[in-house]
Amino acid sequence: MADDGQGRLRTEGGRGGGAAAAGGQMLLSIGLLALALLAAYRLYLRWGTRSGPGGSARRGEAAPLPRMKRRDFSLEQLREFDGARNPRILLAVNGKVFDVTKGSKFYGPEGPYGIFAGRDASRGLATFCLDKDALRDEYDDLSDLNAVQMESVREWEMQFKEKYDYVGRLLKPGEEPSEYTDEEDTKDHTKQE
């Protein structure tokens, strides 16, 4: 290295400060890359996780709701819990009402089984039919189903009992709801876990 007469150092290759400039550019590139990674990580934490503001809503997942107290439902009351009017999603199978909110990917308004949300799903499950015609708007006693279909309803009921919280009964027309105590409610919830 030697002075080129203008106060710059001259290297043997003829370019002054080339190694220093390349090192500075590399350091700048690494710094910018680190900054971009940090920004991406912060965005992920904010929008990409369930606990981040708006994260669960953007991905279509239900935010965790507190356990529902045990109660019985008329068909009209059950319809409120369809995932559109209320974030909680309930459905009935064989006269029993289940909270399927944690399965909102399946039973939510955009899910493949969303037609069952807020409804008595027994007939649709028994006949493997996802058409709205398979569901009744009035109480369905399922008396016209054959033995195989009724066995299918019972199997679906068992699957829902294993996976989801049982929250009450589906009331027949004119039937009065039961009064559940906090002790019954707590006992049943801990039994399922």
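The basis for the numbers below is simple: all heavy atoms, side chains too, and nothing from hydrogens, waters or symmetry mates. Just so you know, residue 1 is the first one in the sequence shown, and it goes up from there. Fair warning: this is a prediction, and the values are worked out from it, not measured in the lab.
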Apply side-chain contact (heavy atoms from CB on, under 4.5 Å) to residues Leu90 and Met68 and explain how you reach the verdict. CA-CA 10 Å; Leu90 304 180; Met68 188 170 205; 4.0 Å; yes

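- Glu151 has a carboxylate O that lies under 4.0 Å from a charged side-chain N of Arg154, or vice versa, which qualifies the two as a salt bridge.
- Going from atom CZ of Phe160 over to atom CG of Asn94 covers 12.0 Å, rounded to the nearest 0.5 Å.
- A heavy-atom distance below 4.5 Å is not found between the side chains of Val153 and Leu125.
- Note on Tyr166: it does not cluster hydrophobically with Leu171, by side-chain heavy-atom contacts below 4.5 Å among ILVMFWY residues.
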Trace of the side-chain contact (heavy atoms from CB on, under 4.5 Å) decision for Tyr180 with Asp72: CA-CA 9 Å; Tyr180 296 99; Asp72 296 336; 2.7 Å; yes

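- Residue Tyr139 qualifies as enclosed at atom OH: its count of foreign heavy atoms under 6.0 Å is above 12.
- The pair Asp120-Arg136 does not meet the salt-bridge criterion, since no charged nitrogen lies less than 4.0 angstrom from a carboxylate oxygen.
- Residue Ile89 comes nearest to Ser104 through the heavy atom pair CD1-CB, 3.8 Å, listed as atom of the first residue, atom of the second, then distance.
- Put simply, NZ on Lys96 and CG on Leu170 are 10.5 Å apart, with the number rounded to the nearest 0.5 Å.
- Remark: Met150 CE to Leu145 CG distance equals 6.0 Å, nearest 0.5 Å.
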Under 3.5 Å, which donor-acceptor pairs do the side chains of residues 126-134 form with other protein atoms, sequence neighbours left out?
{"residue": "Thr127", "atom": "OG1", "partner": "Arg123", "partner atom": "O", "Å": "2.8"}

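- Side-chain rings of Phe73 and Phe81 approach one another, their centers coming within less than 6.0 Å.
- One finds a salt bridge joining Arg169 and Glu175 here, because a Lys/Arg side-chain nitrogen approaches an Asp/Glu carboxylate oxygen to under 4.0 Å.
- The side-chain heavy atoms of Phe98 and Tyr107, taken from C-beta on, include no pair separated by under 4.5 Å.
- A donor-acceptor pair under 3.5 Å is absent between the side-chain atoms of Lys172 and the main chain of Asp141, judged by distance alone.
- The OG1 atom of Thr181 sits 9.5 Å away from atom NZ of Lys69, with the distance rounded to the nearest 0.5 Å.
- Using a 4.0 Å cut-off between charged nitrogen and carboxylate oxygen, Asp137 and Arg119 count as a salt-bridge pair.
- Environment of CD in Glu138: crowded, with over 12 heavy atoms of neighbouring residues, nucleotides or ligands closer than 6.0 Å.
- Aromatic ring orientation, Phe106 versus Tyr113: tilted (interplanar angle from 30° to 60°).
- When each of Leu135, Leu91, Leu142 is checked for a side chain to side chain contact (heavy atoms under 4.5 Å, CB included) with Ser122, only Leu142 meets the rule.
- Although no hydrogens or angles enter the test, the distance criterion places a donor-acceptor pair under 3.5 Å between the side chain of Asn146 and the main chain of Val148.
- Distance OG/Ser178 to CZ/Arg71: 12.5 Å, rounded to 0.5 Å.
- For the atom pair CD of Gln149 and OG of Ser152, the computed distance is 8.0 Å after rounding to the nearest 0.5 Å.
- In this structure, Arg79 and Arg85 have side chains that are in contact, with non-hydrogen atoms separated by less than 4.5 Å.
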